Structures are given as structure tokens and as C-alpha cells.
J.: 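Sharing a structure, written as C-alpha cells. Questions coming.
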There are 2 protein chains.
Amino acid sequence: MQRTTTEMTYTAREEAIARYAKALSHPVRIRILSFLEKQSCCFTGKLTEEIPMAQSTISQHLKELKDAGLIQGDVLPPRIKYCINQKAWEEAKSIFSAFFEQEPLVTK
Amino acid sequence: MQRTTTEMTYTAREEAIARYAKALSHPVRIRILSFLEKQSCCFTGKLTEEIPMAQSTISQHLKELKDAGLIQGDVLPPRIKYCINQKAWEEAKSIFSAFFEQEPLVTK
DNA sequence: ATTGTATATCGCAAATGAACGATCTATTTG
DNA sequence: CAAATAGATCGTTCATTTGCGATATACAAT
């Protein structure tokens, strides 16, 4: 009846929010980030002690957080020290803040 | 080698953040919410005019936003007026804000 | 060179998500 | 009651995500 797919495109802002949100969309990743927030940094091993999941699964979640830019890994053989990526963290913070800031008008 | 699945459980906070984040994890849903933010409310029809996607697809995204609690629909036959759910919006806002607020310690 | 340690990557299976066209539902209008 | 309208739901297809065990990699220590 309508709208034959004109091919959807998004703004950089829309994609950025969605991308960060996706990284935050699994509770175990929230836990990992909360942990890093407190500790500043930690090794994967610490997380596998704290979180009852296979090491490979945790490694995969770390990869997703890294791909989203929210964390970074410092190679410190034979281990890897993960830290929050300050820059991305600030960006995500302000991008979400701006998104929610603009209060929707009250229902009329 | 380790950690035989003790069965993972999450806090309500972790699940709440992940749940809201999941709702925000697709750019078209960001667009819909931004639109509602500006307009306060609108009918599905308005969205199908604005967004080049099948009506059924938009309806599905609306359902996800509704399931997450971020929007609500007022039945106003034969149409449905969607609005941001103020209460959930505020909750999401403060939950994300609190999550990002606690600055991670600087890398040592 | 062998061994050990920490972590990543692979390959799989099951579950979930995205998009669509088609159909159903509920209500208003004729 | 019939037709029109707005929107939800269904069923399908295809892609992505999740979680796991097994294996690979990279370096340090012996």
C-alpha cells in the first residue's frame, strides 16, 4: 500500500547512540564495565574469577566492548590489562545525556 | 579448565540498564524516539510517512519500545497515539546518567 | 627446546532479531 | 450490514548473537 523501500539511511548520531547502546545491551557487559569503573583496570583473569562463565565467552564480550570502543586492552605479556577507554566513555556519556536531556513535551 | 557454570544471575540494575540499552540499540528506534521527543506524541501513520520501512516493521519496532516501557500507546480509534512514557524516560535517563557518572579512575 | 600461563580465536548449535508481505482486528462511516 | 482505515500480528527468510569446548597464539620461565 505504501512506502516502497527508499532505502533507509541514518545520521552519524543515530548510529553512534545505537552502537553504544548495543554494547550495553547485555547484562554481563554492564557488569564488566561496572567492574572496570571501580577498578579502573583489570586482567581478563580477574573477570573469569568474578563471572561464572566460560573464559571464551568472557573474552568474546570483552571483544564486543573493545569493538564498540568502550574499553581498551594493554598487552602486558602474558596477560592483557583492560581499562575503560576514557575518551569513548566521555563521548558515550554526553551522547546519552544529550539524547535524554531534551525532555519530551508533556502529553497534551 | 575452570569455572563450571555456576549459573549466572544479575542485579535488577544490571538488567534494567541492559534492557533499556537494548531498546536503544537500533538506529531506527533512536529515530522514532527522537521524533517523539520533538513531537511529544504521534500516530503510527506519521512515522510510516517519515520512515521508509514497511508498516509492519515500524509496528514491530514500536512494540519493542513499548515492551521496554519507553513509550506508551493511547488507543484513539481507529488510530493509536504513541507518546514517550515520561516515567520510564526519566528512569532511563537517571540510570544511564548514574552508570556513566562514576568516572573510572585514571589508568595507573 | 619444553612447559606453563593468559588470553584469543574457531566452529558449532541454539536463540534472537530484522525485515517483509499477507492477513487479521477493531472501530468509524456509509 | 458493508466498506474503509489504522494498526497489530503471523509466518517466513536471513543475519546476528550467545554460549560453549577445543584449539591456537604469544610470551616467560625452566
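Note that these values count all heavy atoms, side chains included, but never hydrogens, waters or copies made by symmetry. Computed from a predicted structure; not experimentally measured. In what follows, chains carry the letters A, B, and so on, assigned in the order in which the sequence lines appear, proteins first and then strands, with residues in each chain numbered from 1.
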J.: Could you state the atom-to-atom distance from CD1 of I80(A) to C1' of dA8(C) in whole Å?
T.: 7 Å
J.: For the side chain of L62(A), starting at C-beta, report the closest nucleotide among dA8(C), dC20(D), dG11(D).
T.: dA8(C)
J.: Give the residues of residues 18-29 of chain B touching DNA chain D, defined as any heavy atom closer than 4.0 Å, sorted by residue number.
T.: none
J.: dA19(C) phosphate, OP1 or OP2: any side-chain N/O from T57(B) under 4.0 angstrom?
T.: no
J.: Can you tell if the side chain of T57(A) reaches within under 4.5 Å of the side chain of H61(A), non-hydrogen atoms only?
T.: yes
J.: Which whole-number value in Å describes the distance from M8(B) CE to dC20(D) P?
T.: 10 Å
J.: If each of K63(A) and R79(A) is mapped to the nucleotide of DNA chain C with the nearest heavy atom, which maps nearer the 5' terminus, i.e. the 5' end?
T.: R79(A)
J.: Looking at S34(A) and I30(A), would you say the former's side chain and the latter's main chain have a donor-acceptor pair under 3.5 Å?
T.: yes
J.: Would a 4.5 Å heavy-atom cut-off, applied to side chains only, mark C42(A) and L47(A) as touching?
T.: yes
J.: Figure out the CD/P separation between Q60(A) and dA15(C), and round it to whole Å.
T.: 17 Å
J.: Would you mind listing every salt bridge (charged side-chain N to carboxylate O under 4.0 Å, His left out) that reaches into residues 13-23 of chain A, with sequence neighbours excluded?
T.: E14(A)-R31(B)
J.: Grab the CE-P distance between M53(B) and dA18(C) for me, whole Å please.
T.: 10 Å
J.: Per the atom types in the model, does the base of dG21(D) pair as donor or acceptor with the side chain of S56(A) at under 3.5 Å?
T.: yes
J.: Okay, side chain of R79(A), backbone of F43(A): is any donor-acceptor separation there less than 3.5 Å?
T.: no
J.: Excluding sequence neighbours, so at least two apart, what forms side-chain hydrogen bond (donor to acceptor under 3.5 Å, both in side chains) with S94(A)?
T.: none
J.: For L76(A) and dT25(D), give me the distance from atom CG to atom P, rounded to whole Å.
T.: 22 Å
J.: Calculate the interatomic distance between F43(A) atom CZ and dC27(D) atom C1'; express it in whole Å.
T.: 14 Å
J.: Between the base of dA8(D) and the side chain of Q55(B), is one N or O donor paired with an acceptor at under 3.5 angstrom?
T.: yes
J.: State whether Y82(B) places a side-chain N or O below 4.0 Å from either non-bridging phosphate oxygen (OP1 or OP2) of dA6(D).
T.: no
J.: With a 4.0 Å limit, can you tell me whether H61(B) has a side-chain N or O closer than that to the phosphate oxygens OP1/OP2 of dA19(C)?
T.: yes
J.: According to a strict under-4.0 Å criterion, is T44(A) in side-chain N/O contact with OP1 or OP2 of dA6(C)?
T.: no
J.: Between atom CG in L47(A) and atom P in dG19(D), what is the gap in whole Å?
T.: 15 Å
J.: How long is the straight-line distance from CD1 of I71(B) back to CD1 of I84(B), given to the nearest 0.5 Å?
T.: 7.5 Å
